[in-house]
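I have placed the structure first, in the form of structure tokens, so that the comments after it can refer back to it.
Since we're looking at a predicted model, the values are computed, not measured. Throughout, protein chains are lettered first and strands after them, A, B, ... in sequence-line order, and every chain is numbered starting at 1.
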There are 2 protein chains.
Amino acid sequence: MPRGDSSALQIREASLELFFRHGVSGTSLRMVAESLGVTKAAIYHHYRTKDDIVRAVLDPAFTTFTTLVERVDALPPDEQVMALVRGLARQAVVHRRLYAVTLHDVTAAELRRGSAQEQTFRRMRDLLAGPASDRGSVARSALFLSGLMAPAVDADLLAMDGAELEAAIIEAGARLLGRD
Amino acid sequence: MPRGDSSALQIREASLELFFRHGVSGTSLRMVAESLGVTKAAIYHHYRTKDDIVRAVLDPAFTTFTTLVERVDALPPDEQVMALVRGLARQAVVHRRLYAVTLHDVTAAELRRGSAQEQTFRRMRDLLAGPASDRGSVARSALFLSGLMAPAVDADLLAMDGAELEAAIIEAGARLLGRD
DNA sequence: GTCTATATTTGGATAGAC
DNA sequence: GTCTATCCAAATATAGAC
């Protein structure tokens with residue numbers, strides 16, 4: 001990473017990579033600065049606090065989820081489950097690391113707690129569980145949502161072709177959540 | 001937690017609770033000490049470093065996984081997938097927090113990297129994928145493994161009756177990984 | 001086995017020069 | 001927009017008394 005080029009975008013990209021590898025609270029601003037070849041003070045010129053960076057990194061993911069849920073909510077009930085599965089599969093594959101940190105990191109979860117985003121995650125699980133929502137389908141929906149971090153966690157999936165992986169996740173969703 | 005009773009076991013229990021809620025690197029020894037009503041120095045009497053505590057907390061989980069894999073490896077091939085699913089479902093339900101931290105926390109993953117435990121996790125995934133091991137079944141296996149942290153992540157699953165949740169996870173495994 | 005006190009390092013954050 | 005230098009708080013860890 002060439003010095004003199006640490007724009008806000010580069011800071012977010014470097015941060016996401018480190019958040020993914022070491023966790024949000026395991027990542028210091030010194031680590032971010034060093035990975036960009038600048039000093040901490042340079043970072044602080046672009047963001048006021050570490051928390052601002054965390055929010056800026058995670059925000060696009062939250063927006064994506066909210067948009068997805070709104071779009072799926074507008075569909076006929078019998079299309080909702082698989083539309084959401086397809087949308088989530090796409091996100092989990094295209095933005096593997098962002099998705100993993102958003103879903104998975106404890107600090108991200110704390111940030112989410114009590115916010116509108118928490119409602120969005122809850123709504124996703126309920127949409128996946130369908131109108132019946134017996135405890136079995138709620139459990140399978142939650143398992144599917146947690147399972148979506150697999151593309152970021154498993155080394156072989158991380159290396160797998162995007163389209164193929166996306167198709168595999170969609171099939172997994174159909175098996176787990178499809179009509180009995 | 002009464003003071004004067006912070007044995008090594010109590011330190012591990014308090015640490016696990018905090019690791020689960022705040023992540024390993026989000027948990028300080030001060031937090032552990034305060035939750036036990038003692039000082040940091042008392043903790044250091046029982047463990048030499050924070051890393052020692054982390055290892056001591058996670059070790060039982062690793063042992064359980066290793067034992068489970070050895071047991072499943074000795075079974076006839078056509079029984080292996082569902083035996084492993086049942087074993088994992090049991091662990092995921094009974095030791096929700098320990099399981100979640102072990103599988104899920106980035107610091108735990110770093111600790112695992114390059115160790116024998118990494119091989120055990122790999123072996124679990126391969127056993128679940130079965131002998132064919134096309135990329136689709138590898139993806140579904142990885143998704144199931146990641147999905148097993150759902151009981152620790154989802155509030156409703158966290159509250160669900162153990163036996164019922166275990167049965168739901170086993171059914172999810174059968175749907176995802178069962179013979180086509 | 002736990003305490004008080006302290007050493008040392010790291011992390012978040014700011015001031016002011018260039 | 002980046003630097004050096006610095007502040008302050010918190011974290012890991014140790015020493016020595018009780």
Side-chain angles (χ1 to χ4, degrees), chain A residues 1-59 101-102 104-113, chain B residues 1-59 101 105-113:
Chain A
M1 194 79 59
R3 180 180 143 180
D5 198 14
S6 51
S7 64
L9 173 64
Q10 310 237 347
I11 291 170
R12 291 197 299 278
E13 285 175 347
S15 298
L16 175 57
E17 178 64 31
L18 290 164
F19 291 168
F20 173 63
R21 276 166 43 202
H22 307 288
V24 171
S25 57
T27 300
S28 71
L29 293 187
R30 182 188 53 77
M31 291 160 77
V32 176
E34 269 177 16
S35 91
L36 290 169
V38 296
T39 62
K40 283 192 290 176
I43 308 281
Y44 276 103
H45 180 74
H46 296 279
Y47 290 97
R48 219 172 48 80
T49 64
K50 179 185 174 182
D51 225 62
D52 284 354
I53 300 177
V54 176
R55 283 174 213 277
V57 168
L58 299 184
D59 224 50
V101 173
T102 305
H104 181 152
D105 190 281
V106 195
T107 309
E110 282 179 333
L111 211 70
R112 198 159 58 235
R113 205 164 294 156
Chain B
M1 194 77 63
R3 179 179 145 184
D5 199 16
S6 52
S7 63
L9 173 64
Q10 309 236 350
I11 291 171
R12 291 198 299 275
E13 284 174 350
S15 298
L16 174 57
E17 179 62 31
L18 290 164
F19 291 168
F20 173 63
R21 276 166 43 202
H22 307 289
V24 171
S25 56
T27 299
S28 72
L29 294 186
R30 181 189 51 78
M31 290 160 76
V32 176
E34 269 175 15
S35 91
L36 289 169
V38 297
T39 62
K40 285 189 291 174
I43 308 281
Y44 277 103
H45 179 75
H46 296 279
Y47 289 98
R48 217 173 50 80
T49 65
K50 180 183 174 183
D51 225 63
D52 284 354
I53 300 178
V54 176
R55 285 173 211 276
V57 168
L58 300 183
D59 223 51
V101 173
D105 190 280
V106 196
T107 309
E110 284 180 327
L111 213 71
R112 197 159 61 235
R113 206 165 292 156

**Item:** Between P of D:dT14 and CD1 of B:Ile43, the distance in whole Å
**Value:** 14 Å
**Fill in**
B:Ala33 meets the side-chain contact (heavy atoms from CB on, under 4.5 Å) criterion, sequence neighbours left out, with B:Val38, B:Lys40, B:Ile43
**Complete:** To the nearest 0.5 Å, atom NZ of B:Lys50 lies from atom OG1 of B:Thr27 at 6.0 Å
**Message:** Output the rounded distance in Å from OH (A:Tyr47) to C1' (C:dG11).
**Reply:** 20 Å
**Complete:** Separation of C:dT2 atom P from B:Glu34 atom CD, nearest Å, is 16 Å
**Message:** If you compare every side-chain N and O of A:His45 against the phosphate oxygens of D:dC3 (OP1, OP2), does one of them come in below 4.0 Å?
**Reply:** no
**Message:** My understanding is that only residues two or more places apart in sequence, or in another chain, count here; which of them pass side-chain hydrogen bond (donor to acceptor under 3.5 Å, both in side chains) with A:Arg12?
**Reply:** A:Tyr47
**Item:** Qualifying residues under salt bridge (Lys or Arg N to Asp or Glu O under 4.0 Å), relative to B:Asp51, sequence neighbours excluded
**Value:** B:Arg55
**With sequence neighbours excluded, residues passing side-chain hydrogen bond (donor to acceptor under 3.5 Å, both in side chains) with B:Thr39** = none
**Item:** Length of the line joining A:His22:NE2 and C:dT10:P, which is rounded to integer Å
**Value:** 16 Å
Donor-acceptor contacts under 3.5 Å from residues 15-22 of chain B side chains, at least two apart:
| unit_1 | atom_1 | unit_2 | atom_2 | d |
| --- | --- | --- | --- | --- |
| B:Ser15 | OG | B:Ile11 | O | 2.7 |
| B:Glu17 | OE1 | B:Arg97 | NH1 | 2.1 |
| B:His22 | ND1 | A:Glu110 | OE2 | 2.8 |

**Asked** Quick one: is D:dC3 close enough that its OP1 or OP2 comes under 4.0 Å of any side-chain N or O from A:Thr39?
**Response** yes
Using a cut-off of under 3.5 Å, enumerate the N/O to N/O pairs linking the protein to nucleotides 12-14 of chain C.
| unit_1 | atom_1 | unit_2 | atom_2 | d |
| --- | --- | --- | --- | --- |
| C:dG12 | OP1 | A:Lys50 | NZ | 3.3 |
| C:dG12 | OP2 | A:Leu29 | N | 2.7 |
| C:dG12 | N7 | A:Lys40 | NZ | 2.8 |
| C:dG12 | O6 | A:Lys40 | NZ | 3.2 |
| C:dA13 | OP2 | A:Tyr44 | OH | 3.1 |
| C:dA13 | OP2 | A:Lys50 | N | 2.9 |
| C:dA13 | O5' | A:Tyr44 | OH | 3.4 |
| C:dA13 | N6 | A:Lys40 | NZ | 3.4 |

